[in-house]
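One is the number of the first residue; the rest follow in order along the sequence. Since the model is a prediction, treat every value here as computed from it, not as a measurement.
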Amino acid sequence: MNAAARKAAAAARLPAAVLVVVAVGAFLISYNLLAIVLRGGGGAATGAGRERDPVVAMPGWMRAAGSAGGGRRRPFHVALTATDAAYSRWQCRVMYYWYKRMQARPEGADVGGFTRVLHSGKPDALMGEIPTFVVDPLPAGKDHGYVVLNRPWAFVQWLEKAKIEEEYILMAEPDHIFVRPLPNLARDDPAAFPFFYITPSEHESVLRKYYPKERGLVTNIDPIGNSPVIIKKTQLEKIAPTWMNVSIQMKEDQETDKAFGWVLEMYAYAVASALHGVQHILRKDFMIQGVLTYGKIGEWRFDKRAYQDRPPPRNLTLPPPGVPESVVTLVKMVNEATANLPGWDDGR
């Protein structure tokens with residue numbers, strides 16, 4: 001689908017309010033921006049019969065499959081990259097706990113295997129708890145202190161060396177939690193969550209260094225990162241090496257590094273996909289993601305970054321009235337996981 005067609009299809013937009021209500025909208029919830037108090041992107045959901053199509057119009061096969069209650073099983077493999085740091089370990093444990101819960105449900109038929117792609121170069125204490133594939137980090141100094149630059153390199157190694165039975169892959173992150181079983185949202189075109197802060201049209205002069213004019217409009221670059229994305233394994237095998245190379249090139253270019261900062265690797269994935277002619281179905285109902293709202297609702301807060309060297313305590317205090325239901329749900333889900341995971345207090 002070209003950029004013009006994609007824009008035309010965007011007439012059916014999912015209201016932002018739907019993202020707040022877990023029971024109505026999304027399949028994943030992310031706290032990668034969580035230094036809460038957190039706001040989920042809108043007010044309370046109102047009315048019935050609201051438009052449910054994604055940003056790019058839902059393909060007919062997807063609508064039909066939903067109406068029919070499914071179709072043939074098209075499982076996807078869940079993969080996330082991680083380090084052996086305590087900060088990464090406790091998030092992976094919570095994520096894997098909810099992956100198993102959702103996979104076990106009858107509606108979880110599309111949820112396939114799981115791999116934590118560990119790019120620390122050596123096994124760690126979670127090898128027996130979470131299915132893990134160990135890969136090498138980038139050579140010393142090559143990530144320039146930007147740890148996520150190891151992500152595309154980790155995927156390149158995993159795709160080359162691992163036996164992956166599923167045809168599709170869900171690229172996720174340690175700070176994602178499944179709030180309900182996720183169907184396979186992709187088919188020939190991959191599915192991705194659109195991020196409001198990924199804005200290729202606002203950075204055309206920088207992006208033309210990597211996506212030249214002869215390749216087409218800069219709007220061919222999707223407003224996404226690599227996660228969450230459901231994509232065919234064959235497509236990702238082509239994109240991943242380009243994603244790795246573009247990421248490194250961007251980091252080593254001072255102008256690009258300054259323009260993109262911590263989302264540089266996300267832009268690199270979007271550019272790599274466009275270079276391979278791959279465009280994504282953009283689905284706002286893929287994930288709930290909060291934004292920072294310091295001090296907006298009392299003094300209650302939970303900042304995951306406060307737990308760099310240890311896991312958070314069990315039984316976190318619930319947010320006060322007025323906080324979006326998505327945040328309450330997130331805290332309850334973290335609490336349930338930590339109550340059931342062995343050795344939590346020991347920092348395993």
Side-chain angles (χ1 to χ4, degrees), residues 1 6 9-10 12-22 24-34 38-42 51-59 62 76-81 91 95 98-99 102 110-111 148 151-152 155 168-187 189-200 219 221-232 235-236 239 243 260 262-274 278-291 324 326-327 329-330:
M1 183 183 294
R6 285 160 54 81
R13 288 184 177 274
L14 183 72
V18 176
L19 301 182
V20 179
V21 186
V22 174
V24 175
F27 302 99
L28 290 168
I29 187 167
S30 169
Y31 51 107
N32 71 334
L33 292 183
L34 195 71
L38 177 153
R39 178 169 53 83
E51 181 58 65
R52 293 300 307 281
D53 274 0
V55 180
V56 174
M58 186 182 295
M62 189 182 292
F76 54 81
H77 193 99
V78 181
L80 57 85
T81 60
Q91 292 178 59
M95 201 280 192
W98 282 106
Y99 153 82
M102 297 304 160
D110 284 346
V111 183
V148 294
R151 182 176 296 151
F155 270 109
Y168 295 86
I169 292 170
L170 164 63
M171 290 188 284
E173 296 187 24
D175 61 6
H176 290 171
I177 295 177
F178 287 94
V179 293
R180 60 189 179 123
L182 175 64
N184 190 337
L185 303 176
R187 205 171 207 180
D189 293 322
F193 178 80
F195 291 91
F196 69 89
Y197 49 81
I198 303 296
T199 53
T219 50
I221 301 171
D222 290 326
I224 62 172
N226 82 290
S227 174
V229 166
I230 301 179
I231 187 170
K232 281 187 173 181
Q235 292 173 316
L236 187 56
I239 292 171
W243 172 28
F260 295 155
W262 67 274
V263 296
L264 179 149
E265 169 267 338
M266 298 172 70
Y267 273 100
Y269 175 80
V271 168
S273 297
V278 175
Q279 292 189 302
H280 299 67
I281 299 169
L282 306 180
R283 295 203 53 148
K284 280 189 174 181
D285 60 345
F286 203 152
M287 182 175 73
I288 301 169
Q289 185 179 46
V291 296
S326 57
V327 182
T329 297
L330 170 64

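- Note: Thr81 OG1 to Glu173 CD = 7.0 Å, rounded to the nearest 0.5 Å.
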- prompt: Can you check side-chain contact (heavy atoms from CB on, under 4.5 Å) on Arg151 and Tyr269, steps first, answer last?
  reply: CA-CA 10 Å; Arg151 182 176 296 151; Tyr269 175 80; over 6 Å; no
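- Partners of Ser273 under the side chain to side chain donor-acceptor pair (under 3.5 Å) rule, at least two apart in sequence or in another chain, do not exist in this structure.
- Applying the ring pair (Phe, Tyr, Trp, His ring centres under 6.0 Å) test to Tyr99 and every residue at least two apart in sequence or in another chain returns Tyr96, Phe114.
- For the pair Met102 and Leu182, the minimum side-chain heavy-atom distance is 4.5 Å or more.
- Of all the heavy atoms in Ala191 and Ala186, the pair that sits closest is N-CB, 3.8 Å.
- Closest approach of Pro200 and Ile221 over heavy atoms only: CG-O, 3.4 Å.
- In this structure, the separation between CD1 on Ile231 and CG on Asn226 is 9.5 Å, given to the nearest 0.5 Å.
- Under the 3.5 Å distance criterion, the side-chain polar atoms of Asp110 are matched with a main-chain donor or acceptor of Asn184.
- Residues Val111 and Phe76 are in side-chain contact: their nearest non-hydrogen atoms beyond the backbone lie under 4.5 Å apart.
- By the 30° and 60° cut-offs, the orientation of the rings of Phe195 relative to Phe193 is perpendicular.
- Qualifying ring pair (Phe, Tyr, Trp, His ring centres under 6.0 Å) partners for Tyr267, counting only residues two or more places apart in sequence or in other chains: His203, Phe260.
- Between Ile230 and Phe286, the shortest heavy-atom contact is CG1-CZ, 3.7 Å.
- Pairing each heavy atom of His176 with each of Met287, the nearest pair is NE2-SD, 3.7 Å.
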Ile281/Leu185 under side-chain contact (heavy atoms from CB on, under 4.5 Å): CA gap, chis, key distance, verdict: CA-CA 9 Å; Ile281 299 169; Leu185 303 176; over 6 Å; no
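- The minimum heavy-atom distance linking Tyr197 with Val263 is given by the pair CE1-CG1, 3.6 Å.
- From Arg283, atom CZ reaches atom CD1 of Ile224 across 14.5 Å, with rounding to the nearest 0.5 Å.
- The heavy-atom pair separating Ala272 from Ile239 by the smallest distance is CB-CG2, 3.9 Å.
- Remark: Ala268 engages Trp243, Val246, Ser247, Met250 in a side chain to side chain contact (heavy atoms under 4.5 Å, CB included) (not counting sequence neighbours).
- Looking at Tyr168 and Arg187, their side chains come closer than 4.5 Å, going by heavy atoms from C-beta outward.
- When atom types are taken as modelled, the side chain of Asp222 and the backbone of His280 share a donor-acceptor pair closer than 3.5 angstrom.
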